[in-house]
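These numbers come from the heavy atoms of this one structure, side chains and all, not from hydrogens, waters or symmetry mates.
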Amino acid sequence: MTPPAAKPTANNLEAFFMPFTANRQFKKNPRMLVKAKGVHYWTPEGRKIIDGTAGLWCVNAGHGRAEIKAAIAQQLDEMDYAPSFQMGHPKAFELAARHAALLPGDLNHAFYCNSGSEAVDSALKIALAYHRARGEGTRTRFVGRERGYHGVGFGGISVGGMVNNRKWFGAMLPGVDHLPHTHLPKNAFSKGQPEHGAELADELERIVGLHDASNIAAVIVEPCAGSAGYLPPPKGYLERLRQICDRHGILLIFDEVITGFGRLGTAFAADKFGVIPDLMTVAKGISNATVPMGGVFVRKTVFDGLMNGPENAIDLFHGYTYSAHPLACAAASAVLDIYRDENLFERAAELSPYWEDGVHSLKGLPNVTDIRNLGLAAGIDLAPQGPLGTRGYAAFTKAFELGLMVRQSGDAIAMSPPLVIEKAQIDEIIDITAKTIKAVA
């Protein structure tokens, strides 16, 4: 008789099914983090790792902020949890008002959730509900973009355009089209927004011609595509998308999960580009990643369009147990204080030229085929070596060995340091990146 399999023990890596990870490979040679402060992590052995990615694009104000910890602890003492269905608590309304004051134009309502993935699915549902409430219930189609990343819900992977996130799961939302991506060879080594590609927005006109505008609910794009290796938009591209959407009564959704809260040197990409979407999804920097939180910021016209039923009727049949969780609201409010008091958005804008010079100094190193940057973020393409992602993974692991955390996407590496980064630490990031690229040549 075969003996029963042994149960994993507490000091065993087996039980945790890791997300977006080659589990077997990782567990043979794990990369563990046990402490974080400022712009650094530490390993169990005491090695110091500079955080070149702000965690996962999310720890904008740096790690270990005492102000956020204090706000969470105070809220936990007062009240650990309150529902948001037909009930409320003051912190949620205070936070929404603060976010509305920070947002451009008439983006002045906030719907809260727990992650970027939930924010995207919420935004898609708000778009559908809005059109239905206006008597245009045939508007059910969505338009995403190739190489776009909008989280891992079925809505997000349907409008997203990253192959591996889609191919395994089959069941997508029906009625989704995709715009072409904007990663053009002739834009290689652009500093800031690339010159070429605004005309790619005109593909939306073709899609409208194919389905008719009366059947299209919304277009969703990341202002800067993040998970695909960081792709800033061509000059004029987002403006053209806005114009086409306006012409046909289509809602425009900006997925600002990465660009929101200072990454581009402004509060939001909408401020940077002067283009106001109808819906904006956020997460990550909203709470500095201390307590999971996401949200959808909604223009007044969209919100008002959903307020057309009887006063005692539920306006949107959607929400989450942890929508506007008190601890998340307390954390997010403390984060806004830090952003304001330390002028972190302005600081990011001031550091961006120095960052740009640093990352573009890597041009000419072996196998570097493209470098892109905008704000405090950058993507570096490396020439493939064997199966897709082989060289990118080698760069990711070598950088960690040398004391730097970067993100890998195929054979691209992406970096997005905390907004509290110092120039000397930028120099360190660039130096380690150069050593990494040479080591994997």
Side-chain angles (χ1 to χ4, degrees), residues 54 57 60 104-105 144-150 161 179-204 219-246 252-277 280-281 285 345-363 368-381 407 409 412-417 419 426 430:
W57 311 84
N60 291 2
R145 188 168 57 183
E146 297 169 356
R147 298 189 68 171
Y149 178 76
H150 301 293
L179 297 166
H181 66 74
T182 61
H183 190 197
L184 303 178
K186 59 185 173 182
N187 285 328
F189 298 102
S190 293
K191 294 184 176 182
Q193 284 187 266
E195 295 289 338
H196 307 286
E199 70 282 356
L200 293 170
D202 294 338
E203 178 69 8
L204 180 56
V219 174
I220 180 168
V221 295
E222 301 160 277
C224 297
S227 294
Y230 200 64
L231 312 175
K235 292 178 180 177
Y237 175 84
L238 296 174
E239 294 88 336
R240 200 175 293 196
L241 274 186
R242 177 73 274 180
Q243 292 163 4
I244 297 170
C245 287
D246 286 344
L252 179 60
I253 305 171
F254 275 3
D255 184 341
E256 293 223 32
V257 168
I258 283 175
T259 52
F261 299 99
R263 181 56 52 193
L264 302 185
T266 53
F268 303 98
D271 298 295
K272 176 74 172 178
F273 302 118
V275 178
I276 300 176
M280 179 193 292
T281 60
F345 302 163
E346 296 82 358
R347 191 171 189 282
E350 292 167 3
L351 283 173
S352 290
Y354 192 83
W355 171 257
E356 176 177 271
D357 289 344
V359 294
H360 280 277
S361 72
L362 303 171
K363 181 179 180 180
V368 173
T369 59
D370 189 17
I371 297 173
R372 303 168 295 280
N373 72 282
L374 190 67
L376 276 184
I380 302 170
D381 286 350
R407 288 279 293 136
S409 177
I413 57 175
M415 296 184 290
S416 54
L419 308 186
I426 290 176
I430 300 305

**Prompt:** Does some side-chain heavy atom of Tyr149 sit less than 4.5 Å from a side-chain heavy atom of Ile258?
**Reply:** no
**Message:** Main chain of Gly375, side chain of Arg263: is a donor-acceptor contact present, judged purely on distance under 3.5 Å?
**Reply:** no
**Request:** Report yes or no: does His360 contribute a side-chain atom to a donor-acceptor pair with the main-chain N or O of Ser190 at less than 3.5 Å?
**Result:** yes
**Separation between CD1 of Ile426 and CG of Leu376, rounded to the nearest 0.5 Å** = 6.0 Å
**Request:** Report the C-alpha separation of Thr266 and Phe273 in whole Å, then their side-chain angles, then the decisive distance to 0.1 Å, and conclude whether the side chain to side chain contact (heavy atoms under 4.5 Å, CB included) test is met.
**Result:** CA-CA 10 Å; Thr266 53; Phe273 302 118; over 6 Å; no
**Request:** Determine whether His183 and Asp370 make a side-chain contact, defined as any pair of heavy atoms from C-beta on separated by less than 4.5 Å.
**Result:** yes
**Prompt:** Is the side chain of Arg372 donor-acceptor paired with the backbone N or O of Pro232 at a distance under 3.5 Å, no angle test?
**Reply:** no
**Asked** Could you give the distance from CD1 (Ile244) to CG (Leu179), rounded to the nearest 0.5 Å?
**Response** 8.5 Å
**Prompt:** Taking the side chain from Arg240 and the backbone from Asp202, do they hold a donor-acceptor pair closer than 3.5 Å?
**Reply:** no
**Prompt:** Is a donor on one side and an acceptor on the other found under 3.5 Å between the side chain of Asn60 and the backbone of Gly262?
**Reply:** no
**Prompt:** Any side-chain heavy atom of Leu238 within less than 4.5 Å of one from Pro223?
**Reply:** yes
**Reported OG1-to-CZ distance for the pair Thr182 and Arg145, which is rounded to 0.5 angstrom** = 5.0 Å
**Message:** Quick check against the 3.5 Å criterion: does Arg147 have a side-chain atom that pairs as donor or acceptor with the backbone of His181?
**Reply:** no
**Message:** Please check: side-chain N/O of Asp271 versus main-chain N/O of Phe268, any donor-acceptor pairing under 3.5 Å?
**Reply:** yes
**Message:** Closer than 3.5 angstrom, by distance alone: can the side chain of Glu356 be matched with the main-chain N or O of Asn373 as a donor-acceptor pair?
**Reply:** no
**Fill in**
Smallest heavy-atom separation, Glu222 atom then Gly148 atom, equals OE1-CA, 3.4 Å
**Request:** Kindly compute the distance separating CG (Leu264) from SG (Cys224), expressed to the nearest 0.5 Å.
**Result:** 5.0 Å
**Message:** When you compare the side chain of Leu204 with that of Cys245, does any pair of heavy atoms fall below 4.5 Å?
**Reply:** yes
**Asked** Ignoring hydrogens and geometry, is there a side-chain-to-backbone donor-acceptor pair from Arg407 to Ser416 under 3.5 Å?
**Response** no
**Message:** Can you confirm whether Leu200 sits close enough to Leu184 that some side-chain heavy atom of one is under 4.5 Å from a side-chain heavy atom of the other?
**Reply:** yes
**Asked** From Leu419 CG over to Glu350 CD, what is the distance, rounded to the nearest 0.5 angstrom?
**Response** 12.0 Å
**Message:** To check you understand the geometry: which heavy-atom pair defines the closest contact between Ala198 and Pro234, and what is its length?
**Reply:** N-CB, 3.7 Å
**Stepwise side chain to side chain contact (heavy atoms under 4.5 Å, CB included) test for Ile380 and Met415** = CA-CA 9 Å; Ile380 302 170; Met415 296 184 290; 4.0 Å; yes
**Request:** I would like to know whether Val221 and Phe254 meet side chain to side chain contact (heavy atoms under 4.5 Å, CB included); could you show each step before the answer?
**Result:** CA-CA 5 Å; Val221 295; Phe254 275 3; 4.1 Å; yes
**Message:** Measuring from atom CZ of Phe189 to atom CG of Leu362, what distance do you get when rounded to the nearest 0.5 angstrom?
**Reply:** 10.0 Å
**Prompt:** Is it true that a side-chain atom of Gln193 and a backbone atom of Pro233 form a donor plus acceptor pair closer than 3.5 Å?
**Reply:** yes
**Message:** Please find the pair of heavy atoms, one from Pro417 and one from Trp355, that lie closest to each other, and give the distance.
**Reply:** CD-CH2, 3.6 Å
**Asked** Any side-chain heavy atom of Trp57 within less than 4.5 Å of one from Val257?
**Response** no
**Prompt:** Side chains of Asp381 and Thr369: donor-acceptor distance under 3.5 Å anywhere?
**Reply:** no
